[in-house]
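Because the structure is a prediction, the values reported are computed rather than measured. Atoms within a ligand are numbered from 1 in the order they appear, just like the ligands themselves. When a residue number appears, it is its place in the shown sequence, counting from 1.
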Amino acid sequence: MENLNIPELFGSLVFNDKVMRERLSEDVYASLKKTIDENVKLDETQLDAIAEEMKNWALENGATHFTHWFQPLTGVTAEKHDSFISPAPDGGVLMEFTGKDLIKGEPDASSFPSGGLRATFEARGYTAWDPTSYAFIKDHTLCIPTAFCSYSGEALDKKTPLLRSMQAVNRQAKRILKLFGTEAKYVKTCVGPEQEYFLIDKEVFSKRPDLKYTGRTLFGALPPKGQEMDDHYFGVIKPRVSEFMRDLNNELWKLGILAKTEHNEVAPAQHELAPIYSTTNIATDSNQLTMEIMKKVADRHGMVCLLHEKPFAGVNGSGKHNNWSISTDTGVNLLSPGNSPYENAQFLLFLCAVIQAVDDYQDLLRLSVATAGNDHRLGANEAPPAIISVFLGEELTAILDAIKNDTPYQGREEVKIKLGVHSLPRFSRDTTDRNRTSPFAFTGNKFEFRSLGSSNSIACCNIMLNAAVSESLRQYADELEASENFEEDLHTLIKRVITEHQRILFDGNGYGEEWIKEATEVRGLSNLKTTADAMPHLLDKKNVDMLIAHKVFTEAEIHSRCEIMLENYVKTVNIEGLTMVDLVRKNYLPAIERYLYRLSQTTVLMRQVSDNVKCKYEVSTMERLSELTDCIMDSVISLEDALREFKEIDNIFRSSEYVRDEMLPRMDTLRKYVDEAEMLTSQRDWPFPSYGQLLFSVN
Ligand code: ADP
Ligand code: MG
């Protein structure tokens, strides 16, 4: 492999600040920069100049097409390519790209989910340039990050509400900072998403129709060796995987994505990639691109990258950790305890805002990560439970307790804490987090939300998190702006918030049975186990009111989203059910029958040879396999009944409950019998590669 000049490679396919400064006139650059940094509306007279330079740069870098790149509610990104060519009078072509092409596109919205918005509005949609996220070149195409809306302005994508939620944080946080006299032109949230994934050999993958159709294995007995030896986590990376990672890093670096950390994960064939954090909407775009490029690069290396949350039963699934913080334009992290008494008090107020937000909007956070795939993971011993709680760590908890109870803080030095007057006792960051079982952990200067599934767009949870924190901040600002004694009232407010939201704070083992009991029965926290349970809460009045008040969603958008998310859930499970029936009838049952035939033939022949043979293996295997084929047959019929009945339900809430209560349990039963049969059937007759072959396919 050639020696790479990484600084030169980095961002070489991105129309970034450096390129803009080099290529745009001073005025145009200054105006665009202001738009990017401060979210000020762009001066439209400069659009043509920006478009022209973007095109020239793209052509020089090998692009022939351009596309508005957007994130519809399907969960993946969408693009429609147009070439730059335009006919010239002399019969040749000119390469053209105008300001109009840059800011607005009009893809046909009718094949993207709109969840009822389309019924009331036009089928057409439009895409609008998001200048805060840099354009880039991918596959010879200039990709322009855009928002995607209906003609009447309703958001049909994930970017629009995310940008709105960031504006909400900016609005409310600035009010708070003003009270403390902290200078800030704007406040933004930042995210670093850690991405988990599996790598499987392409050859082996191609022999598993369940993986191909649904992204996860619907059948498969556990291999003799799984993750119990803990020998994979942080283990030596295999050469083939290492080559993949190197190639992946290069591709990501070219696109200006700050890929930083890579290591093996807990399960065999499982890995993780973490970028350096960036502004939330950029981190979101980058994560969508990262997932896409992971798949592409894996393919180049003869592998398949699985982003499903639970590709293998009985083996750890894949999640995504959303490391989140709030900072000012000058890079001051508002979740970092400061050095002066005022900074400390300000830190505690922002900390309170997050604690209250998580408590008041547990349901929104939970449903923001709810998908059919992630339901298999949350609460399954490896991922945080479906119950949302906050981990603060020993020292910070002790500080909050001291404030709450007006008692001296028993830290390294004993002090009574009076906010705004005394410095906070220093606490060391390392002690903040090593509790991996908490869904929402404070990790020194950021919060880590760990419930996301590996394939989730991080937009969803950040929209809710930003909105909920904006709401706490709004309440505090309303109260404190009216205060006549700021320090006194600040202290009272912080004390009150800590007391009122005590129930959401939990430092113990989030995986334990006792916690589920305590959380639900004693503390009254919600435990929304499945997507069908969680998603309808999007429509709860308190949630709708809050999201509308902060202009994150309109009421119509909320209803449409709820419907789309539930539709995704039922469609996913429906496809899995149909795939199971198909595979069992066409492959698994005939395979078992083939084996039974051989066994019975052998038994008859052996008995002809001698009366003394007992044929213990043959007879006992045949007996059990024959019982199992009966059970499998009954279960298939029962699943087919459910699939038929499901089609008759015309209400999305009822169909999602039906999926939860009837389809998924019947699928589990069917799987259980088939997996047992796998253990009894000769490998030669088994139609598909085993878990062992899949999980240890990459060497
Ligand atoms: P780990 O969680 O494995 O201990 P780190 O805490 O170093 O690893 O970082 C995990 C992720 O958190 C990285 O993507 C990192 O860039 C991101 N991160 C670090 N600091 C911040 C911050 N202030 N705001 C948001 N994300 C951050
Ligand atoms: Mg982490």
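Between F506 and F391, a ring centre-to-centre spacing not shorter than 6.0 Å is recorded. Checked against a 6.0 Å centroid threshold, the rings of F449 and W324 do not count as neighbours.
A salt bridge links R474 to E471: at least one charged side-chain nitrogen sits closer than 4.0 Å to a carboxylate oxygen.
Using a 4.0 Å cutoff on heavy atoms, K260 does not count as a contact of ligand 1. Residue contacts with ligand 1 include N333, since one of its heavy atoms falls under 4.0 Å from the ligand.
Inclusion of C190 in the set of residues having an N or O under 3.5 Å from an N or O of ligand 1 is not warranted. The shortest N/O to N/O separation between W324 and ligand 1 does not fall below 3.5 Å.
Atoms of ligand 1 found under 4.0 Å from any heavy atom of I276, numbered from 1 in the order shown, are 16 (O). Listed by number with element, the atoms of ligand 1 under 4.0 angstrom from any heavy atom of G192 are 14 (O), 26 (N).
A side-chain donor-acceptor contact under 3.5 Å links Q172 and R175. Side-chain polar atoms of N323 and E194 form a donor-acceptor pair below 3.5 angstrom.
Crowding of K404 atom NZ: a count of heavy atoms from other residues, nucleotides or ligands under 6.0 Å exceeding 12.
At a heavy-atom distance under 4.0 Å, only side-chain atoms of E194, from C-beta outward, approach ligand 1. Here L335 has no heavy atoms under 4.0 Å from ligand 1, in either its backbone or its side chain. Residue contacts with ligand 1, taken as heavy atom pairs separated by less than 4.0 Å, do not involve H321 at all.
In this structure, of Q195, H263, R450, K446, the residue bringing a heavy atom nearest to atom 9 (O) of ligand 1 is K446.
Among the candidates W69, W253, F15, the single residue satisfying the ring pair (Phe, Tyr, Trp, His ring centres under 6.0 Å) test with F136 is W69.
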